[in-house]
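Because the structure is predicted, anything quoted here is derived from the model rather than measured.
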Amino acid sequence: MLELPDGNIVLPRPPQNARKVAKGRRNHFTGQTNVGADEESGMDIESYTELQVLLALLARPGTVHVENQVEFSFTAPDGGKNRHFFDFRATKADGSRTAIMVKAAYRFGQAKMREELSYIASKVPKSFADRVEVVTEKNLLPSEIYNSEMMHQMRRPVPDADAAARQAIRNIRGHVLIRDLVEVIGYGGDGFQALVRLIRSHELKLTRQERISYETYVTRSHYDA
């Protein structure tokens, strides 16, 4: 959902999945989230791990586009035609694409499942994806999950605080404590959230991989010449 300057609201486009995701199932996490620069696209989610993987992909430097439930047709071992729906396909700034299968670790631990996914991956041509990855909940760092969820929760702009935050980081050289930047910005909690958005947009980066907090050190991603 996007709120325009005149107060009107633009609803996101419906999910463009190749496969319909059944939502509202009892004892199973399903849902929908909005993605894109202006949250213009809805995206269906079939598990909490899928949501975590999606948010992590969107937060990683270099990711420019993420699709979900991408259909892939291939020839099965018996010679028949079959299809698989990749949970995500991520495109990076260099144009490379990764097709991603999200599986629970206990399921991927089953030999039959690994063999099936390996076979499908072996059939993927470069025209569909440059590489194939299987991601389970064990492949994501707790700090990455925490940070990507925080970035998603704090993604909505606050123009005055955001402008002040960009002004505050203009002359950064080296590593600076977020707490000190918040004091310079002068908007309290809104200033902290503005810095989180600058990390999300990769204008700032963490000195090391850890949970974002007031005690985190950050630096500018690129210095001015």
Side-chain angles (χ1 to χ4, degrees), residues 1-13 15 29 31-43 45 48-66 68 88 90-93 140-225:
M1 182 178 68
L2 174 64
E3 184 174 351
L4 299 176
D6 61 6
N8 289 321
I9 292 175
V10 178
L11 295 177
R13 293 192 302 269
F29 182 101
Q32 181 177 315
T33 189
N34 299 332
V35 298
D38 295 317
E39 301 186 30
E40 72 273 16
S41 300
M43 188 174 288
I45 299 298
Y48 185 52
T49 303
E50 277 191 22
L51 177 60
Q52 291 177 324
V53 172
L54 171 62
L55 297 183
L57 288 171
L58 293 172
R60 288 175 181 171
T63 301
V64 296
H65 185 58
V66 179
N68 80 323
F88 300 108
T91 302
K92 300 191 71 173
L140 298 173
L141 294 172
S143 59
E144 182 177 28
I145 296 172
Y146 179 91
N147 291 346
S148 62
E149 290 181 346
M150 176 186 286
M151 291 179 200
H152 190 65
Q153 292 165 1
M154 299 180 181
R155 67 194 183 279
R156 299 184 187 279
V158 178
D160 289 346
D162 292 343
R166 284 196 170 86
Q167 179 66 30
I169 71 168
R170 285 185 63 183
N171 297 318
I172 285 181
R173 293 294 184 271
H175 303 148
V176 181
L177 197 63
I178 283 182
R179 180 181 301 279
D180 294 338
L181 286 172
V182 171
E183 291 183 4
V184 172
I185 293 167
Y187 281 81
D190 282 347
F192 175 81
Q193 294 190 26
L195 293 173
V196 171
R197 285 189 286 278
L198 292 179
I199 296 170
R200 183 174 184 259
S201 63
H202 312 301
E203 295 169 69
L204 286 177
K205 62 181 179 181
L206 307 184
T207 298
R208 64 180 183 181
Q209 181 61 45
E210 62 180 334
R211 292 189 177 197
I212 299 171
S213 74
Y214 280 80
E215 308 309 317
T216 299
Y217 280 90
V218 294
T219 186
R220 290 190 64 189
S221 297
H222 301 288
Y223 290 160
D224 293 331

Asks: Verify side chain to side chain contact (heavy atoms under 4.5 Å, CB included) between D160 and D190, making sure each step is shown before the conclusion.
Replies: CA-CA 9 Å; D160 289 346; D190 282 347; over 6 Å; no

Asks: Side chains of Q209 and S143: is there a donor and an acceptor less than 3.5 Å apart?
Replies: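 Yes, S143 and Q209 have a side-chain donor paired with an acceptor closer than 3.5 Å.
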
Asks: Given T216, which of H175, R208, E210 fulfils the side-chain contact (heavy atoms from CB on, under 4.5 Å) condition?
Replies: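 Exactly one pass, corresponding to E210.
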
Asks: Could you give the distance from CG (L55) to CZ (R200), rounded to the nearest 0.5 Å?
Replies: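 So the gap between those two atoms works out to 9.0 Å.
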
Asks: Can any side-chain N or O of T63 pair as donor or acceptor with the backbone N or O of L58 at less than 3.5 Å?
Replies: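 Judged by distance alone, no pair lies under 3.5 Å.
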
Asks: Please list all pairs passing the ring-ring contact (aromatic ring centres under 6.0 Å, His included) test where one or both residues lie in residues 181-200, with sequence neighbours left out.
Replies: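 Pairs touching residues 181-200 that pass the test: F192-Y214.
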
Asks: Indicate yes or no: at least one non-hydrogen side-chain atom of P61 is less than 4.5 angstrom from one of H202.
Replies: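 Side-chain contact under 4.5 Å: yes.
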
Asks: Working to the nearest 0.5 angstrom, can you tell me the gap between Q193 CD and Q153 CD?
Replies: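 Q193 CD to Q153 CD: 9.5 Å, rounded to 0.5 Å.
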
Asks: Does the side chain of L54 reach to within under 4.5 Å of the side chain of I45, using non-hydrogen atoms?
Replies: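 Yes, at least one pair of side-chain atoms sits under 4.5 Å.
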
Asks: Show your working on side chain to side chain contact (heavy atoms under 4.5 Å, CB included) between E144 and R60 and close with a plain yes or no.
Replies: CA-CA 9 Å; E144 182 177 28; R60 288 175 181 171; 2.7 Å; yes

Asks: Apply side chain to side chain contact (heavy atoms under 4.5 Å, CB included) to the pair D162 and L198, showing each step before the final yes or no.
Replies: CA-CA 8 Å; D162 292 343; L198 292 179; over 6 Å; no

Asks: Do V182 and R179 have side chains that get closer than 4.5 Å, going by heavy atoms?
Replies: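 Counting from C-beta outward, V182 and R179 never come under 4.5 Å.
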
Asks: Testing the basics here: between A168 and L181, what is the closest heavy-atom pair and its distance to 0.1 Å?
Replies: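 Nearest heavy atoms, A168 then L181: O-CD2, 4.1 Å.
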
Asks: Measure across L57 and A90 and return the closest heavy-atom pair with its distance rounded to 0.1 Å.
Replies: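 Minimum heavy-atom contact is CD2-CB, 4.3 Å.
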
Asks: Taking the side chain as everything from C-beta on, heavy atoms only, tell me whether V53 gets closer than 4.5 Å to F88.
Replies: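 Side-chain contact under 4.5 Å: yes.
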
Asks: On a heavy-atom basis, which atom in A161 and which in A194 lie closest, and how many Å separate them?
Replies: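 Of all heavy-atom pairs spanning A161 and A194, the closest is O-CB, 3.7 Å.
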
Asks: Given the rule in the side chain to side chain contact (heavy atoms under 4.5 Å, CB included) test, do V218 and L195 qualify, once you have shown the distances and angles that lead to the verdict?
Replies: CA-CA 10 Å; V218 294; L195 293 173; over 6 Å; no

Asks: Using side-chain heavy atoms (C-beta onward) and a distance below 4.5 Å, is Q52 in contact with E149?
Replies: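 Sidechains of E149 and Q52: in contact.
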
Asks: Please round to the nearest 0.5 Å and tell me the distance separating atom CZ of R166 and atom OG of S201.
Replies: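 Nearest 0.5 Å value for the CZ-OG distance: 5.5 Å.
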
Asks: Hey, are the side chains of R197 and V158 touching, using non-hydrogen atoms and a 4.5 Å cut-off?
Replies: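 Yes, at least one pair of side-chain atoms sits under 4.5 Å.
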
Asks: Would you say that I212 contacts I178 through its side chain, given a criterion of any heavy-atom pair below 4.5 Å between the two side chains?
Replies: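 Result yes, sub-4.5 Å side-chain heavy-atom pair found.
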
Asks: Using only heavy-atom distances, determine whether the side chains of S213 and E215 contain a donor-acceptor pair under 3.5 Å.
Replies: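 E215 and S213 do not have a side-chain donor-acceptor pair below 3.5 Å.
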
Asks: Report yes or no: does R220 contribute a side-chain atom to a donor-acceptor pair with the main-chain N or O of R170 at less than 3.5 Å?
Replies: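 Checked: pair present.
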
Asks: Do the non-hydrogen side-chain atoms of T219 and V176 ever get within less than 4.5 Å of each other?
Replies: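 Counting from C-beta outward, T219 and V176 never come under 4.5 Å.
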
